[in-house]
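Report on the structure given below.
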Protein chains: 2
Amino acid sequence: MVKKGKKREESSDLEIESLLEAYKTFLSERQLKFTEQRKVIITEFVKSGGHLSAEDLFRIVKKKASNVGLASVYRTINSLVDAGLAEERHFLDKTSVYEIHKPGDHHDHLICLKCKKIFEFENEAIEDQQKKVAEGLGFALKKHKLELYGWCQRSNCPNY
Amino acid sequence: MVKKGKKREESSDLEIESLLEAYKTFLSERQLKFTEQRKVIITEFVKSGGHLSAEDLFRIVKKKASNVGLASVYRTINSLVDAGLAEERHFLDKTSVYEIHKPGDHHDHLICLKCKKIFEFENEAIEDQQKKVAEGLGFALKKHKLELYGWCQRSNCPNY
DNA sequence: TTTGGTGCAAACAATTTGCACTATA
DNA sequence: TATAGTGCAAATTGTTTGCACCAAA
């Protein structure tokens with residue numbers, strides 16, 4: 001238990017650190033500035049595990065640094081997306097949610113229609129097949145978006 | 001040439017007719033009314049082939065019936081979605097586009113990042129694999145959304 | 001000390017809603 | 001003729017932007 005908790009924390013810390021490093025590099029390469037606000041926003045974003053809206057992230061950030069404005073949350077996330085370090089997603093709702101994007105890593109999503117929990121997965125066979133379909137239609141495949149919706153079987157999933 | 005054009009027209013007419021029938025049934029079952037506006041909106045929607053936003057559909061409809069308001073376009077489309085006869089989609093943009101949903105029919109999309117053209121396809125192998133993934137994670141799969149993005153090779157696709 | 005970032009409020013864009021009126025059932 | 005639908009304008013929601021001030025580089 002303690003071990004698991006500790007492990008999680010450490011890996012989250014590492015994740016934050018490496019993301020911040022990558023972001024700082026991106027910024028300095030184009031004479032942009034790394035600010036205290038950006039640090040808090042990104043840190044809380046990573047800690048949360050992602051998949052949250054700008055508004056939700058804003059609420060979390062405000063608790064840590066009450067002076068941060070919603071506009072800065074939007075600006076920081078957009079900047080992260082520009083840097084290729086985050087991705088915008090639209091699941092069930094119209095509002096955008098964001099997730100960290102580690103270069104090289106890519107995954108798809110499984111969303112529970114009852115509890116709204118979002119799971120991630122990777123599947124080689126599906127990707128191969130997608131490539132075949134695209135090629136068959138004369139398409140040079142650049143990216144894809146696959147979302148599976150269903151009912152999960154977690155014991156605490158409400159029958160909503 | 002003539003034959004092809006005629007065929008298309010006929011099938012579009014049939015499509016409109018059967019969609020309107022299904023919609024009328026839906027409406028009368030719950031004491032809702034089938035109005036002249038709804039008829040024009042849905043007819044133009046089908047004729048257009050779908051994949052357009054409320055605003056775009058509104059522009060088309062206004063040419064046929066200048067009295068129709070944007071709100072009615074939204075209300076009609078939403079009502080069609082409620083009836084299960086249309087589906088909302090979000091591709092590259094934030095604005096919703098809609099498409100006709102024929103019960104039983106389902107397909108995925110291939111979108112050209114250069115010319116924005118939307119192609120539809122179906123692939124059994126991908127669907128099978130999706131089912132396996134979901135089952136493997138203890139999910140009862142209800143629906144899915146797959147979008148492939150790439151570059152098409154149509155001669156008239158602009159290098160945008 | 002230059003210039004990009006910030007918070008705030010105003011602006012925007014997409015969509016929904018309240019209301020007096022109209023048309024379908 | 002009762003009630004759902006309509007057009008219009010106002011309201012809402014999510015997101016972006018202009019501006020005077022602040023803080024990284």
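Reminder, nothing fancy here: chain letters follow the sequence lines and each chain counts from 1.
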Do F139(B) and Y149(A) sit in one hydrophobic cluster, given that two such residues count as connected whenever their side-chain heavy atoms are within less than 4.5 Å of each other, even indirectly? no
* I would like to know whether E147(A) and K143(B) meet salt bridge (charged side-chain N to carboxylate O under 4.0 Å, His left out); could you show each step before the answer? => CA-CA 9 Å; E147(A) 290 149 27; K143(B) 58 181 245 180; over 6 Å; no
Note: for L27(A) and L70(B) on DNA chain C, the residue whose nearest nucleotide lies more 5' is L27(A)
Here the distance between atom C1' of dT15(C) and atom CG of N78(B), to the nearest Å, is 9 Å
Note to self: Evaluate E21(A) against K24(A) for salt bridge (charged side-chain N to carboxylate O under 4.0 Å, His left out), listing each step before the verdict.
What the structure shows: CA-CA 5 Å; E21(A) 264 343 288; K24(A) 281 182 192 169; 3.8 Å; yes
Whole-Å distance, E36(A) CD to dA24(D) P, equals 7 Å
_What's S96(A) touching, base or sugar-phosphate or nothing? Going by heavy atoms closer than 4.0 Å._
sugar-phosphate
(request) Verify the ring-centre separation between F91(B) and H109(B): is it less than 6.0 angstrom? (result) yes
Report task. Check whether the ring centres of F58(A) and Y74(A) lie less than 6.0 Å apart, and answer yes or no. Result -> no
By nearest-heavy-atom nucleotide on DNA chain C, the more 5' of H90(B) and R30(A) is R30(A)
N67(B) atom CG is separated from dT22(C) atom C1', nearest whole Å, by 12 Å
Touch check for Q31(B), heavy atoms < 4.0 angstrom, all strands: base, sugar-phosphate only, or nothing? sugar-phosphate
Considering only heavy side-chain atoms of F34(B), the closest of dG5(D), dG5(C), dA25(C) is dA25(C)
In whole angstroms, the gap separating P of dT16(C) from CD of E55(B) amounts to 13 Å
From NZ of K39(B) across to C1' of dG5(D) the rounded distance in Å is 17 Å
query: Are OP1 or OP2 of dT15(C) and a side-chain N or O of T95(B) less than 4.0 angstrom apart?
result: no
Between CZ of R89(B) and C1' of dT15(C) the distance, given in whole Å, is 20 Å
Below 3.5 Å between N/O atoms, which protein atoms pair up with nucleotides 17-20 of chain D? Just atom names and distances, please.
unit_1: dG18(D); atom_1: O6; unit_2: R75(A); atom_2: NH1; d: 3.4

Show your working on salt bridge (charged side-chain N to carboxylate O under 4.0 Å, His left out) between D56(A) and R59(A) and close with a plain yes or no. CA-CA 5 Å; D56(A) 288 342; R59(A) 267 189 285 275; 2.6 Å; yes
Against the side chain of Q37(A), the closest entry in dG7(C), dA4(D), dG7(D) is dG7(C)
Under 4.0 Å, heavy atoms only, any strand: does S53(A) hit a base, just the sugar-phosphate, or nothing? nothing
Here the distance between atom C1' of dG5(C) and atom CD1 of I77(A), to the nearest Å, is 16 Å
Quick note, K33(A) side chain, CB onward, closest among dT3(C), dT15(D), dT6(C) is dT3(C)
Checking dG7(C), dG7(D), dT15(C) against the side chain of S72(A) (C-beta onward), the nearest is dG7(C)
Please find out if less than 6.0 Å separates the ring center of H101(A) from that of H106(A).
no
#### Entry: S53(A) and Y98(A): side chain donor to acceptor below 3.5 Å
no
Separation of dA14(C) atom C1' from L52(B) atom CG, nearest Å, is 16 Å
